[in-house]
Amino acid sequence: FVVSMRRKDGSMAWQPTKLTIAEFEARVKSFPWSGHIKSFHVHHTADYHSNWKGAASVRSMREHHMKNRGMRDSAQHVTLAPDGTVWLGRDWNWAPASATGHNGHDDRDRPFMVETAGNFQGDVTHAPDILQGPQRESLVRMIAAVQAHFGLPADAIAFHREFQATACPGKISKTEL
């Protein structure tokens, strides 16, 4: 059962879609891909797990990307929640807004991008969130599903910090994945 919301102007309001990791894995296999995924980009939201609000957080990110950053949709293809659920973002056949100069092209070679909910860097007043439990398991399975579908090597995983001057995705290391 899907509930959509009609706005006063008659248009339909966008609603976030949540998947289990098993549903994500099945969707990777059945999705009508155009072009080729050449790598897997990992980001973090830099907002702590304790601030995660599910659909409201996903809507807020999308709104920020579209209204404040001028994007046509969320930057990421999916957002990975602290509980390991996967929230759909931009069309998987569109290049992500991952890192300037490293986004590829719609319907051609491009990375697949995940925004991992959490602040894995921490700051002077807060310890970092830890990638663990269902969130870590889902990230590992997500990467494996995309790698298997596109025949990507293990080193096709890239962190945002590898392309730009940022700490993103915090203290997550590739050995954890």
Side-chain angles (χ1 to χ4, degrees), residues 17-49 52 57-58 61 65 71 73-122 127-177:
T17 301
K18 181 168 76 168
L19 306 175
T20 65
I21 189 60
E23 290 168 328
F24 171 84
E25 291 165 328
R27 189 168 287 208
V28 167
K29 292 177 184 177
S30 66
F31 186 76
W33 297 96
S34 62
H36 182 75
I37 299 299
K38 62 181 182 171
S39 59
F40 194 101
H41 288 189
V42 180
H43 292 247
H44 74 153
T45 61
D47 199 8
Y48 291 94
H49 283 162
W52 177 254
S57 292
V58 175
M61 277 187 280
H65 289 155
M71 298 177 188
D73 204 336
S74 298
Q76 67 274 20
H77 294 111
V78 294
T79 301
L80 180 58
D83 66 1
T85 55
V86 180
W87 293 82
L88 298 180
R90 77 170 39 212
D91 186 314
W92 291 3
N93 283 325
W94 291 354
S98 179
T100 303
H102 302 278
N103 293 321
H105 304 279
D106 291 351
D107 300 323
R108 297 197 333 240
D109 287 349
R110 64 193 174 280
F112 190 87
M113 179 187 164
V114 62
E115 186 82 28
T116 309
N119 184 327
F120 302 103
Q121 183 63 31
D129 287 323
I130 305 297
L131 181 67
Q132 62 186 356
Q135 188 178 40
R136 182 185 174 280
E137 178 187 334
S138 289
L139 182 57
V140 169
R141 288 175 62 180
M142 183 184 293
I143 292 168
V146 172
Q147 284 179 318
H149 189 78
F150 289 98
L152 301 178
D155 66 356
I157 301 168
F159 291 161
H160 188 193
R161 65 177 172 250
E162 294 175 51
F163 304 117
Q164 293 178 305
T166 178
C168 182
K171 296 178 181 177
I172 296 175
S173 71
K174 291 183 182 178
T175 58
E176 294 178 78
L177 308 177

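The basis for the numbers below is simple: all heavy atoms, side chains too, and nothing from hydrogens, waters or symmetry mates.
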For the atom pair [atom1] ([X]) and [atom2] ([Y]), what is the distance rounded to the nearest 0.5 Å?
X      : Y      : atom1 : atom2 : answer
Asp129 : Thr45  : CG    : OG1   : 8.0 Å
Ile172 : Leu177 : CD1   : CG    : 7.0 Å
Asp155 : Phe40  : CG    : CZ    : 14.5 Å
Cys168 : Phe120 : SG    : CZ    : 10.0 Å
Asp91  : Asp106 : CG    : CG    : 8.0 Å
Arg108 : Ile37  : CZ    : CD1   : 13.0 Å

Review point. Quick one: side chain to side chain contact (heavy atoms under 4.5 Å, CB included) partners of Ala81, sequence neighbours excluded?
Key: Trp52, Asp83, Thr85, Trp87
Exercise for review: Let me see the working for Val86 and Lys18 under side-chain contact (heavy atoms from CB on, under 4.5 Å), right down to the final yes or no.
Suggested key: CA-CA 6 Å; Val86 180; Lys18 181 168 76 168; over 6 Å; no
Is there a side-chain contact between [X] and [Y] (heavy atoms, below 4.5 Å)?
X      : Y      : value
Asn93  : Phe31  : yes
Ile130 : His49  : no
Pro128 : Gln121 : no
Thr20  : Phe24  : no
His65  : Asp73  : no
Gln76  : Val114 : no

Practice item. Test side-chain contact (heavy atoms from CB on, under 4.5 Å) on Leu19 and Arg27 and set out the steps. Key: CA-CA 9 Å; Leu19 306 175; Arg27 189 168 287 208; 4.1 Å; yes
Given 3.5 Å as the limit, does a donor-acceptor pair link the side chain of [X] with the main chain of [Y], or not?
X      : Y      : value
Ser138 : Gly84  : yes
Asp107 : Ser34  : no
Arg110 : Asn103 : no
His149 : Glu25  : no
Gln135 : Ala117 : yes

Over all heavy atoms of both residues, which pair between [X] and [Y] is shortest? Give the atoms and the distance, please.
X      : Y      : value
His102 : Pro111 : O-CG, 3.5 Å
Met142 : Val78  : SD-CG2, 3.8 Å
Lys38  : Asp109 : CD-CB, 4.1 Å
His43  : Met113 : CD2-CE, 3.4 Å
Gly122 : Tyr48  : CA-OH, 3.4 Å
Asn119 : His44  : CA-ND1, 3.7 Å

Practice item. Could you tell me whether Phe163 and His41 have their ring centroids closer than 6.0 angstrom? Key: yes
Exercise for review: Hey, can you tell me if Trp33 and Phe150 have their rings parallel, tilted or perpendicular (30° and 60° cut-offs)?
Suggested key: perpendicular
**Study point:** Glu115: which of Thr79, Leu80, Val42 passes side-chain contact (heavy atoms from CB on, under 4.5 Å)
**Key:**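 For Glu115, the side-chain contact (heavy atoms from CB on, under 4.5 Å) check succeeds only for Thr79.
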**Study point:** NZ/NE/NH1/NH2 to OD/OE distance under 4.0 Å, Glu137 and Arg141
**Key:** yes
Check your understanding: Are Lys174 and Glu162 close enough for a salt bridge, meaning some N to O gap below 4.0 Å?
Key -> yes
Exercise for review: Dump the intermediate steps for side-chain contact (heavy atoms from CB on, under 4.5 Å) on Thr100 and Gln164, then the final yes or no.
Suggested key: CA-CA 8 Å; Thr100 303; Gln164 293 178 305; 3.5 Å; yes
